[in-house]
Asker: 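Questions regarding the structure given below will be posed in turn.
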Amino acid sequence: MTRVDIAIIGSGSAGLEAALTAKNRNKSIQIFGIKDLSNKMQVIDHPITNYLGLSNVTGKQMAEAFTNQMHDAGIEITECKVTTVYAMGDYFALQLSNNEMVEAESVILASGVVAGKPYSGESEFLGRGVSYCATCDAPLYKGKDVIVIGGSKEEESEAEFLGEVCNSVKYIPLYKGEIAFKHDNIVVVNEKPVEIKGTMKANTLVTNQNEYSTDCVFVLRAAQFPTQLVPGLHVEGNAVKVDREMKTNIPGIFAAGDIVGLPYQFIKSAGEGNIAAISAAAYVDQKLRNR
Ligand SMILES: Cc1cc2nc3c(=O)[nH]c(=O)nc-3n(C[C@H](O)[C@H](O)[C@H](O)COP(=O)(O)OP(=O)(O)OC[C@H]3O[C@@H](n4cnc5c(N)ncnc54)[C@H](O)[C@@H]3O)c2cc1C
């Protein structure tokens with residue numbers, strides 16, 4: 001398995017700036033995210049007026065400018081979610097939503113902010129009837145009845161995949177808009193999830209209107225809570241705790257952008273991505289010298 005110097009989780013302004021800077025520092029990188037860069041850029045249609053170098057752009061125009069810059073720098077985004085980062089002692093192993101693993105000397109978390117908190121029962125039943133990864137866990141629920149809580153439009157393809165494998169899928173979108181599935185065993189339920197219940201394993205999803213029996217609840221958010229992504233990470237509320245070098249409490253893991261807290265601004269995220277990459281590059285240099 002190849003091992004990169006720096007794995008970057010997130011393709012918003014924080015992750016992209018981290019990728020550019022790490023590449024300038026001559027480090028091998030892999031950046032994970034989405035082809036549209038960030039859902040936020042896709043929805044902002046008011047003019048963004050405070051990003052240096054780009055005057056009065058919409059979010060989509062900003063995304064286009066960033067995409068061109070990445071192309072010029074030869075940086076490609078790996079379109080895949082990282083589900084968990086494991087500290088392996090001397091390196092990190094990243095579990096991907098396509099079931100592959102990637103190794104990295106260091107990691108930059110730039111996956112944005114997650115609003116709210118986990119559903120009641122979610123953390124308790126994780127791995128026992130609650131899953132964050134359709135590709136990884138679908139085989140366990142072949143022919144069974146599952147529920148998908150979809151945090152963004154991207155999750156619809158995951159639900160389609162589960163529709164191929166499972167007996168039935170209830171899809172609960174946390175966003176607005178038209179949804180049409182190819183598989184007729186997928187039903188859209190427009191209710192608000194409240195609680196996941198069970199005994200030895202999860203078996204019921206409670207919504208604001210009903211209770212549904214299920215074999216598994218797939219909770220597929222656009223971004224995960226930082227402590228679900230990296231076990232053992234220190235947070236304050238939903239924000240990862242960092243110092244001025246964007247170091248977290250775990251040596252070799254850095255964080256930048258909305259994930260580290262207010263203010264939520266593109267330019268602040270990009271600046272922190274720059275610092276995180278410089279710190280990660282220095283960490284990798286030191287580590288390789290000591291090996
Ligand atoms: C409606 C709205 C209007 C705004 N207007 C402005 C404005 O005018 N000016 C301004 O400066 N700011 C504005 N903001 C704030 C700005 O959008 C954010 O500060 C900025 O997007 C943060 O960048 P980021 O890189 O930290 O995170 P994000 O842009 O949220 O990017 C996070 C990235 O991580 C990816 N990701 C998440 N989890 C994973 C995972 N597990 N694996 C792989 N990838 C993952 C996501 O797909 C995404 O690509 C606005 C925000 C909103 C919602």
Side-chain angles (χ1 to χ4, degrees), residues 7-21 29-63 66-67 70 75 77-86 92 94-98 100-102 104 107-115 132-136 151-155 158 175-176 219-231 233 238-240 242 246 253-277:
I8 300 163
I9 305 176
S11 55
S13 45
L16 296 176
E17 179 56 46
L20 279 175
T21 304
I29 58 162
Q30 189 161 8
I31 172 168
F32 299 91
I34 55 174
K35 116 176 139 342
D36 289 336
L37 305 187
S38 156
N39 288 332
K40 290 186 191 131
M41 286 181 217
Q42 296 305 312
V43 298
I44 298 174
D45 49 15
H46 64 251
I48 300 163
T49 52
N50 65 345
Y51 197 95
L52 199 62
L54 294 175
S55 336
N56 278 316
V57 286
T58 62
K60 282 193 176 147
Q61 288 167 330
M62 176 180 253
F66 287 175
T67 301
M70 290 307 122
I75 294 171
I77 294 162
T78 304
E79 280 190 74
C80 193
K81 259 195 196 159
V82 177
T83 57
T84 321
V85 177
Y86 298 101
F92 298 97
L94 282 69
Q95 170 75 59
L96 308 185
S97 58
N98 64 6
E100 288 178 8
M101 298 287 279
V102 163
V107 178
I108 297 176
L109 308 174
S111 50
V113 65
V114 196
Y132 294 144
C133 179
T135 313
C136 317
S152 69
K153 201 127 188 89
E154 274 87 49
E155 314 310 341
E158 300 293 290
Y175 54 93
K176 296 199 172 72
V219 185
L220 307 179
R221 295 187 178 88
Q224 281 154 273
F225 292 101
T227 46
Q228 292 169 345
L229 190 58
V230 188
L233 202 61
N238 283 349
V240 176
V242 286
M246 312 317 291
I253 299 194
F254 304 81
D258 283 4
I259 194 173
V260 306
L262 290 162
Y264 299 144
Q265 291 279 282
F266 286 112
I267 198 81
K268 175 254 190 196
S269 291
E272 288 176 349
N274 167 269
I275 301 171

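Please read all numbers here as calculations on a predicted model, not as lab measurements. Every number for a ligand or one of its atoms is a count from 1 in the order of the listing.
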Asker: Does the side chain of Gln228 come under 3.5 Å of the side chain of Tyr132 through a donor N or O and an acceptor N or O?
Answerer: yes

Asker: Out of curiosity, is His46 lining ligand 1, as in a heavy atom under 4.0 Å away?
Answerer: yes

Asker: Apply the side chain to side chain contact (heavy atoms under 4.5 Å, CB included) test between Lys81 and each candidate in Glu155, Glu158, Arg221; give the one that qualifies.
Answerer: Glu155

Asker: Taking only non-hydrogen atoms of Val82, do any sit less than 4.0 angstrom from ligand 1?
Answerer: yes

Asker: Just jot down the ligand 1 atoms closer than 4.0 angstrom to any heavy atom of Ala14, in number order.
Answerer: 25 (O), 26 (O)

Asker: Leu37 to ligand 1: N or O pair under 3.5 Å?
Answerer: yes

Asker: Could you see which bit of Lys40 sits under 4.0 Å from ligand 1, with heavy atoms only: side chain, backbone, both or neither?
Answerer: side chain

Asker: Tell me whether Ser11 contacts the main-chain N or O of Ile34 through its side chain, where contact means a donor paired with an acceptor under 3.5 Å.
Answerer: yes

Asker: For ligand 1, which atoms, with element, lie under 4.0 Å from some heavy atom of Gly12?
Answerer: 25 (O), 29 (O), 31 (O), 33 (C), 49 (O)

Asker: May I ask you to test the Ile77-Leu37 pair for a side-chain heavy-atom distance under 4.5 Å?
Answerer: yes

Asker: Can you find a heavy atom in the side chain of Thr78 that is under 4.5 Å from one in the side chain of Val102?
Answerer: no

Asker: Quick check: Phe66 with Tyr51 (ring centres under 6.0 Å apart)?
Answerer: yes

Asker: Which atoms from ligand 1 have a heavy atom of Gly257 less than 4.0 Å away?
Answerer: 26 (O)

Asker: Find all atoms of ligand 1 within a distance of less than 4.0 Å from any non-hydrogen atom belonging to Ala223, and give their numbers and elements.
Answerer: 37 (C), 38 (N)

Asker: Just by distance, with hydrogens left out, do Glu17 and Ser13 show a side-chain donor and acceptor under 3.5 Å apart?
Answerer: no

Asker: Quick one: does atom 10 (C) of ligand 1 have a protein heavy atom under 4.0 Å from it?
Answerer: yes

Asker: Using modelled atom types and a 3.5 Å cut-off, is there a donor and acceptor pairing between side-chain atoms of Gln61 and backbone atoms of Thr58?
Answerer: yes

Asker: Nearest to atom 22 (C) of ligand 1 by heavy atom, Asp258, Asp45, Leu96: which?
Answerer: Asp258

Asker: May I ask you to list the atoms of ligand 1 that are less than 4.0 angstrom from any heavy atom of Ser269?
Answerer: 22 (C), 23 (O), 24 (P), 26 (O)

Asker: If I compare all heavy atoms of Leu54 with all of Met62, which pair ends up nearest, and what's the gap?
Answerer: CD1-CG, 4.1 Å

Asker: Would you please name every residue forming a side chain to side chain contact (heavy atoms under 4.5 Å, CB included) with Ala255, sequence neighbours left out?
Answerer: Leu109, Val240, Val242, Thr248, Ile259, Val260

Asker: For atom 15 (C) of ligand 1, which of Tyr264, Phe32, Tyr51 has the closest heavy atom?
Answerer: Tyr264

Asker: Can you check whether Ala7's main-chain N or O pairs, donor with acceptor, with Gln30's side chain at less than 3.5 Å?
Answerer: no

Asker: Of all the non-hydrogen atoms in the protein, which one sits nearest to atom 28 (P) of ligand 1, and at what distance?
Answerer: Ser38 OG, 3.7 Å

Asker: For atom 33 (C) of ligand 1, which candidate among Ser13, Ser11, Gly59, Pro47 holds the nearest heavy atom?
Answerer: Ser11

Asker: Students should be able to answer this: which protein heavy-atom is nearest to atom 12 (N) of ligand 1, and at what distance?
Answerer: Phe266 CD1, 3.4 Å

Asker: Which option out of Ser111, Gly15, Ala256 puts a heavy atom nearest to atom 32 (C) of ligand 1?
Answerer: Ser111

Asker: Is atom NZ of Lys60 surrounded by more than 12 heavy atoms (other residues, nucleotides or ligands) closer than 6.0 Å?
Answerer: no

Asker: Please could you name the atoms of ligand 1 that Ala110 approaches to less than 4.0 Å, counting only its heavy atoms?
Answerer: 32 (C), 33 (C), 34 (O)

Asker: Give yes or no for whether the N/O distance cutoff of 3.5 Å, strictly under, is met between Ile259 and ligand 1.
Answerer: no

Asker: Would you find more than 12 non-hydrogen atoms of other residues, nucleotides or ligands less than 6.0 Å from Leu52 atom CG?
Answerer: no

Asker: Output all residues satisfying disulfide (SG to SG under 2.5 Å) with Cys80, sequence neighbours left out; order by chain, then residue number.
Answerer: none

Asker: Which ligand 1 atoms, with their elements, are less than 4.0 angstrom from a heavy-atom of Asn50?
Answerer: 9 (N), 11 (O)

Asker: For atom 27 (O) of ligand 1, what's the nearest protein heavy atom and its distance?
Answerer: Gly112 CA, 3.6 Å

Asker: In the protein, which heavy atom is nearest to atom 34 (O) of ligand 1, and how far is it?
Answerer: Gly10 CA, 3.1 Å

Asker: For atom 51 (C) of ligand 1, find the nearest protein heavy atom and state the residue, atom name and distance (0.1 Å precision).
Answerer: Ile44 CD1, 4.0 Å

Asker: Considering only heavy atoms of Cys80, which atoms of ligand 1 have at least one such atom less than 4.0 Å away?
Answerer: 43 (C)

